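Notes to accompany the following structure.
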Amino acid sequence: MKKSYKYLSITLGALLLLLTTVSLLPAQDTVAVAQDSAVIAAQAAPVATETATFVEPTIDAGDTAWMIVAAAFVLMMTIPGLAFFYGGLVRQKNVLNIMMQSVILTAVITVQWVVFGYSIAFGSSSGALAPYIGGLDWAFLKGIGISDLSPYFISHSQPTADGGTIGTIPHILFVLFQGMFAVITPALIIGAFAERIKFGGFLLFSVLWATLVYDPVAHWVWSGDGWLFKMGALDFAGGTVVHVNAGIAALVMAIMIGKRKNYKGHAIPPHNIPFVVLGTALLWVGWMGFNAGSGLAADGLAANAFLTTHLATAISAATWALLDFLFNKKPTVVGIATGAVAGLVAITPAAGFVGVTGALLIGIIVAVLCFIMVGYVKGKLGYDDTLDAFGVHGVGGIWGAIATGLFATPAIQNYSGLFYGNAGQLVTQLIATGVTILYSGVLTFILFKIVDKLVGIRATPKEEAVGLDLTQHKEDAYTAID
Amino acid sequence: MKKSYKYLSITLGALLLLLTTVSLLPAQDTVAVAQDSAVIAAQAAPVATETATFVEPTIDAGDTAWMIVAAAFVLMMTIPGLAFFYGGLVRQKNVLNIMMQSVILTAVITVQWVVFGYSIAFGSSSGALAPYIGGLDWAFLKGIGISDLSPYFISHSQPTADGGTIGTIPHILFVLFQGMFAVITPALIIGAFAERIKFGGFLLFSVLWATLVYDPVAHWVWSGDGWLFKMGALDFAGGTVVHVNAGIAALVMAIMIGKRKNYKGHAIPPHNIPFVVLGTALLWVGWMGFNAGSGLAADGLAANAFLTTHLATAISAATWALLDFLFNKKPTVVGIATGAVAGLVAITPAAGFVGVTGALLIGIIVAVLCFIMVGYVKGKLGYDDTLDAFGVHGVGGIWGAIATGLFATPAIQNYSGLFYGNAGQLVTQLIATGVTILYSGVLTFILFKIVDKLVGIRATPKEEAVGLDLTQHKEDAYTAID
Amino acid sequence: MKKSYKYLSITLGALLLLLTTVSLLPAQDTVAVAQDSAVIAAQAAPVATETATFVEPTIDAGDTAWMIVAAAFVLMMTIPGLAFFYGGLVRQKNVLNIMMQSVILTAVITVQWVVFGYSIAFGSSSGALAPYIGGLDWAFLKGIGISDLSPYFISHSQPTADGGTIGTIPHILFVLFQGMFAVITPALIIGAFAERIKFGGFLLFSVLWATLVYDPVAHWVWSGDGWLFKMGALDFAGGTVVHVNAGIAALVMAIMIGKRKNYKGHAIPPHNIPFVVLGTALLWVGWMGFNAGSGLAADGLAANAFLTTHLATAISAATWALLDFLFNKKPTVVGIATGAVAGLVAITPAAGFVGVTGALLIGIIVAVLCFIMVGYVKGKLGYDDTLDAFGVHGVGGIWGAIATGLFATPAIQNYSGLFYGNAGQLVTQLIATGVTILYSGVLTFILFKIVDKLVGIRATPKEEAVGLDLTQHKEDAYTAID
Amino acid sequence: MKKIEAIIRKSQFEEVKEALHEADIDFFTYWDVTGIGNEVSGGIYRAQVYETRFIQRRMITFVCRDHLVDNAVKAIINAGRTGELGDGKIFISNIEDSIRIRTGEKGPESLFIKD
Amino acid sequence: MKKIEAIIRKSQFEEVKEALHEADIDFFTYWDVTGIGNEVSGGIYRAQVYETRFIQRRMITFVCRDHLVDNAVKAIINAGRTGELGDGKIFISNIEDSIRIRTGEKGPESLFIKD
Amino acid sequence: MKKIEAIIRKSQFEEVKEALHEADIDFFTYWDVTGIGNEVSGGIYRAQVYETRFIQRRMITFVCRDHLVDNAVKAIINAGRTGELGDGKIFISNIEDSIRIRTGEKGPESLFIKD
Ligand SMILES: Nc1ncnc2c1ncn2[C@@H]1O[C@H](COP(=O)(O)OP(=O)(O)O)[C@@H](O)[C@H]1O
Ligand SMILES: Nc1ncnc2c1ncn2[C@@H]1O[C@H](COP(=O)(O)OP(=O)(O)O)[C@@H](O)[C@H]1O
Ligand SMILES: Nc1ncnc2c1ncn2[C@@H]1O[C@H](COP(=O)(O)OP(=O)(O)O)[C@@H](O)[C@H]1O
């Protein structure tokens, strides 16, 4: 395992080096831009001039209708979406294990989120901690009434009696929508250590990771108090918070847990490719909730996020098929599915900031990057990221975060990237990405060590050979006996 | 079959005894509370003080947007949701039969609903019949125009010109939404007699049951004239109407039709557990339409129903996994799926009346109850409820109906349960549940007898051995020949 | 192949003869009616009398919420809906190929649509071309801002400052919604040539067909400038544009590409019927977006479209099951699924024009027509339409288009069919259908010839025998090796 | 030692299994096969009725000591027979040696558990 | 009586089936197997090209009277051959007895239908 | 020529495959079977623990020249053994003839590649 550490350091080091180098180039107007950003303005300061005929703020049924569905769509991404995308890719003897992991994360993280996760991610704390982590005021959602409006909003808001501003959907709906993100993020990581992890180790690790990595990073980037938010980092629907975060954790986990027995860098064919198609399609559909829902309203911004998401995904899928054809003569189904997911990942942070051109370029480039990464670089580096959780979510997420700093256009929201004259935004994006890589990488490393000590992480060679379905769950996925 | 009757009587008797005993305890303020309840106030009496500037009531696009989707979600629960949940659990030779049953019920009950089902469930009749069954005024939906507003509403309503109150969504949308409930309820029962029923017998039974059991019970509880509604029974999204009702019918059918050949109380492994995961996940997602749609509006109440549903399901799933681990060393996929469905069932009547605490307790307890029921009690009692339609829907539904009388909190709607000082509500719940058990039990028994006489219900031993797919539909689910 | 041409001519000829004959009967008041029709009024002329208190037109959140979801639902129809419906029906060795075709069409046509497809379908061109094809003004969606309102609308609209009228949803959302239709239409055709087409030939053909057939026909029928639109042709959600169009192309392709090796008119059993159920169910659910979304608003018209769609589908499915039972003793799962899809197809053009009676009759009759077509006529004619793309979509689409001219009732929108005293509408429908048959038939024929020359269309006998998954994509759908 | 291969109806499997057990054949191996024989079975696909001679069957095979063969064959015949076309066949061949992997035992004694 | 076991390409199955029919072999049983032999086949997985020597094949087996063996073998060779590596193998072994479950007939006459 | 049939644990397949390779057995065919033997394995279904004697196994079969048999058997025993109940069995029988479909070669020489 010595050698794994080396790889780990090299990869993380290289990534950080890259990022910091670029950061040093044109770093002026960052702060100025950040100042403008009222994107997610929790507990925002007085803004609205109270008009003579003040209208009591109310829930907007249209926005609420869309956000309920958006939350359900994001739920559908994890189960059945991800469960089938990943489940189809593993060998038959491990399919239930991967599906079980998706289902139990949905169950356990939902409870964690209501009990304290939401509060520490989106709540406030006082003093020096405020920019880094929320307090426990909203534990068990206490104090959040059913007709309270969401303190978080983006494009739609309304003035309050006390001169503040507030959203148009119920606060608990915001809690739910965000809760679905908290569920899927650790679920993305499972692709990295698939086919060789103990169930207990996986579960303990995931809950700790959700609490100590996901919740804080979400606070930094999306909470009104968060330091990266204040710095002006743009992350529309979770490029850094979800994909970079999970992707780096995946890389670290893949290296730490070690390769599968008999893994020699060559591919193992998926046991059920139609399941992969099913998962991909439901991810594609559900992702509309993820991205178009992230504006928290049913308006033009949501439509734009839908458009850029759909378009980037489409062209990324097509690009992968083309690369498959050019380099290996045949376009493959797993290839086009991977390309689609890569496109979805990359457009995520940018969906509400870029237009048609940005979406097309983000989609094309992410397919090329991931194609190279999983097809060539991974084999060279020699780590065993079973389902390419890093190769797709990590690489795609980093590219998406950077691309947001390149292609953000004032035609959509009031933010510009490098290509629209604001180099500072790129720097901010690089810093946010670099910080996330560092934090997620280090914490994941530590958590692995702790969990491995406490309950053990790696399945025994025998468990691995027999398969995790039978050894971890005493079940067979398919039984022909009648 | 003599012996089966005995079991039937014992079980039903015990349930009723339990319920009536508890009913006798603190039975005071029931009626008073019921009086208050304008929850679903069909053709409600003048309420709104007509203001100077009367606004013609209109369809609210936001509420309508959500309710269209909610109806589609409930459709998705039956097909493909339930079809795959049940289809994955049976043996390979019976999978098509179970899926066919789900599909044909969707087809046939939809037609029945439009032709007369809706009218007798939600329409009015005059005189002594009014509290028990609707008339045929709305047969073929005649008289319901496309811009008519729903006479049924819960949290959102608007005054009408004649001083009444009316809903905010199209009436036909209410018809559709309720129609999806009418479809899924008989579809739940099929789990009980799976793998051994004649298709013709099943179909005749189901249509009769929908007409003579489902439609009247829906009238009692949800129609503005219904006697249980007037008594103040709370059933947000179908605890008694859907789950207790179907669960008891399932129990009676399982006993009457008899055990499968060779069934010795031991489990038969499911033929395709990934299908079970798919079905569970789509039920989970679709149930948001079922529960969060039952407020008939896109508002805080819908968000609360979503929250309690998601939370109760999550913790019930997690609890089952824990019980699996504690008692049998391994958490199983079928187990967590069963736990999730149990949670969904139990929270259904309560979703719009309880908060976070109620949801958590309902979820934990239902998992324990169903775990004991299907894992231990069922084996002792010896009936063969193939897919535990009673063990999950019956038991979960009864618990949910009772729990609504315990945990209903004025923080959500204006209703209180025992733990919020209103013991009467619990009594009302017990009466409503008891009545449903009795009615559904007796009618199902009679219908079995009639249908058995007319067309026969039990498949022949040979049909059972060969499998229902081939013998009832001349089809094989999977064909490897190419 | 000589013989195939003969069949082609005969079939097309017969269809046209039938249509023109009927057209000659009662052809008076067509134009008058068409004049009234402001259904889809792109860039409509001044209509609204500007009131004293003019309100700036805004996006309606409720309509937008519904239309976002509707677009996602239509996406879900192609992937995973159609991919699984078709994928389950083919032999195991070709399942990936059919799924790949669905996925790549989603990818490629989405890009085509944004790049120029939307513009030539729904944009304007000047001069004589205007009624036939749009210009490139909206290529890359340039000039369409994120808060621009849709120039297309049906039941909901609002006055603009310049005295015009405009829709209530974002323009880009309309682009997206229509883009999903552009994707699924060529995807329907793949059923006809399944199991024997080269992937390259398929892809080139499909892109050309989408551009040269779909886009113009959409322009004719749905664009404000379109000549069939101006003539008053009614097509609520795509009877002629989608189903007749794709169905005829399917017939021509099936004949031109020739039969599968060893195909002797007898059926080849589907490799995975549960997949067929999954696909059918997701089509059924997603079709609510397709039809109920086609009114572009969340209102009574949407609810009516949902109702008629659900009802026609239900009764068509039930009718097929009954026919199966009457003629072949057993109701089959593939049969009921086919009946459901036939019902969905037939109600599509009529959904927003007919009521309960129309829906019931359309549903019953389409099941009978398609049952005869695929069960008897097809075998006689001897062409090999693998998955009955013509037999279901072509036949169902033609019937639906005609039925709209029969059952359209002023109770829904302001249009009447023959049975409501307006024979002219039927004539218009027949003309629109006839024109589409002719155009699609001839163009498809020409495109086949061209693509066959350029890259080849028919797979080699060896490729066909080994299966398209392995030969076109180097993949196996299912791998048991572990 | 003899090897018995029996191709039976899937629907008779339970019966055959139990009959074999009574005939002291406790160990066997089986898998699903497709058979072409005299039997014809039908299906329906979209209103077309079709016939197929490809029938799903189960292959049961076991190796046993010579003196058990007769009883085993009788057991299969009794339990596997329905009397209709397509009940299947039994084939008997010779096995030269048998080895138990766990212990390395050879010959007949690898086929049963001595206690 | 002889037992013929042929491991062939799945893609030649139709041809072999028909050739056997012409060689008077009307009854047989088959199932899918994986074979490791000289042939190598390739796949692509996420831009990685990989090779596998595990090939999907079909096992055909039937028992026939001795005089039919030669023709049957010739039929399989002719219909199953593509000339490229991996066409498969045929193995012939002896069967001591055969029983028709339906009738209990033994020996060669259990293998055909007398009319 | 002898035919070797080995019924092994699926989980030992990789090891057996490599051991056979070292014992000069490069060609073989396998498929999945269900076995009933001494071993008992358990499952859980909705809180009910159940036991089953039906175990998923893998059947490996190959035909080889006589002098390779001993080594092949040893290879399987060594690689397939875990020492616990249910390691499986090896059966050896005689093959009268073997034909390579591609070339029509008969007898032992159809079993290897001469260079
Ligand atoms: N000679 C044979 N070799 C291999 N399998 C055979 C042979 N004869 C029959 N079978 C198998 O037995 C099955 C039943 O045989 P069939 O001839 O239909 O029954 P019956 O003997 O009752 O007429 C066939 O489907 C086939 O799988
Ligand atoms: N000795 C053998 N025993 C069992 N199966 C064999 C043997 N030799 C070949 N096979 C089977 O035959 C298939 C084709 O054999 P292969 O050696 O690739 O073809 P060829 O004989 O044309 O060189 C293999 O995949 C394997 O399934
Ligand atoms: N006589 C037999 N004939 C056919 N298969 C057998 C026979 N004995 C054992 N098997 C197969 O071998 C497997 C392992 O045998 P088992 O008796 O459990 O192991 P062990 O020999 O270690 O006690 C069984 O599951 C069965 O598939």
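Fair warning: this is a prediction, and the values are worked out from it, not measured in the lab. Quick note on labels: first sequence line is chain A, next is B, and so on, each numbered from 1.
Across all their heavy atoms, A:Gly300 and C:Ile59 have their closest contact at N-CD1, 3.6 Å. What you find for A:His310 and C:Thr110 is that their closest heavy atoms are NE2-OG1, 3.2 Å. Minimum heavy-atom separation, C:Ala107 to A:Ala318: CB-N, 4.1 Å. Between C:Ile104 and A:Ala321, the closest heavy-atom pair is CD1-CB, 3.9 Å.
Residues A:Met288 and C:Ile68 are not in side-chain contact: their nearest non-hydrogen atoms beyond the backbone lie 4.5 Å or more apart. The side-chain heavy atoms of A:Asn328 and C:Lys474, taken from C-beta on, include no pair separated by under 4.5 Å.
C:Val111 touches chain A through backbone and side chain together, each having a heavy atom under 4.5 Å away. Looking at A:Val90, neither its backbone nor its side chain comes within 4.5 Å of chain C, counting heavy atoms on both sides. Both the backbone and the side chain of C:Met76 come within contact range of chain A, judged by heavy atoms closer than 4.5 Å. At a 4.5 Å heavy-atom cutoff, the contact between C:Glu475 and chain A is made by side-chain atoms alone. Using a 4.5 Å cut-off between heavy atoms, A:Phe73 touches chain C through its side chain atoms alone. Heavy-atom distances place both the backbone and the side chain of A:Leu307 under 4.5 Å from chain C. In this structure, chain A has heavy atoms under 4.5 Å from both the backbone and the side chain of C:Phe140. At a 4.5 Å heavy-atom cutoff, the contact between A:Val333 and chain C is made by backbone and side-chain atoms alike. Residue C:Met77 does not touch chain A at all, counting heavy-atom pairs closer than 4.5 Å. For C:Ala71, the parts lying near chain A are the backbone and the side chain together; criterion is any non-hydrogen pair under 4.5 Å. Using a 4.5 Å cut-off between heavy atoms, C:Pro170 touches chain A through its side chain atoms alone.
Distance alone, capped at 3.5 Å, is enough to place a donor-acceptor pair between the A:Lys330 side chain and the C:Thr471 backbone. Although no hydrogens or angles enter the test, the distance criterion places a donor-acceptor pair under 3.5 Å between the side chain of C:His473 and the main chain of A:Pro331.
To the nearest 0.5 angstrom, A:Arg91 atom CZ is 11.5 Å from C:Thr479 atom OG1. Interatomic distance, CG of C:Leu176 versus CG of A:Leu311, reported as 9.0 Å (0.5 Å rounding). Rounding to the nearest 0.5 Å places CG of A:Asp299 at 7.0 Å from CD1 of C:Ile146. For the atom pair CZ (A:Phe306) and CG (C:Leu173), the distance works out to 7.5 Å, reported to the nearest 0.5 Å.
Between chain A and the residues C:Val108, C:Asp63, C:Val69, the most heavy-atom pairs under 4.5 angstrom are made by C:Val69. Chain C forms the most heavy-atom pairs under 4.5 Å with one residue out of A:Ala298, A:Gly88, A:Pro270, and that residue is A:Ala298. Ranked by non-hydrogen atom pairs under 4.5 Å with chain C, the options A:Gly355, A:Ala303, A:Gly289 are led by A:Ala303.
Heavy atoms of other residues, nucleotides or ligands lying less than 6.0 angstrom from NZ of A:Lys329 number 12 at most. Around the OH atom of A:Tyr263, the shell of radius 6.0 Å holds more than 12 heavy atoms that belong to other residues, nucleotides or ligands.
Listed by sequence position, C:Phe275, C:Leu278 are the residues of residues 272-286 of chain C in contact with chain A, using a 4.5 angstrom heavy-atom cutoff.
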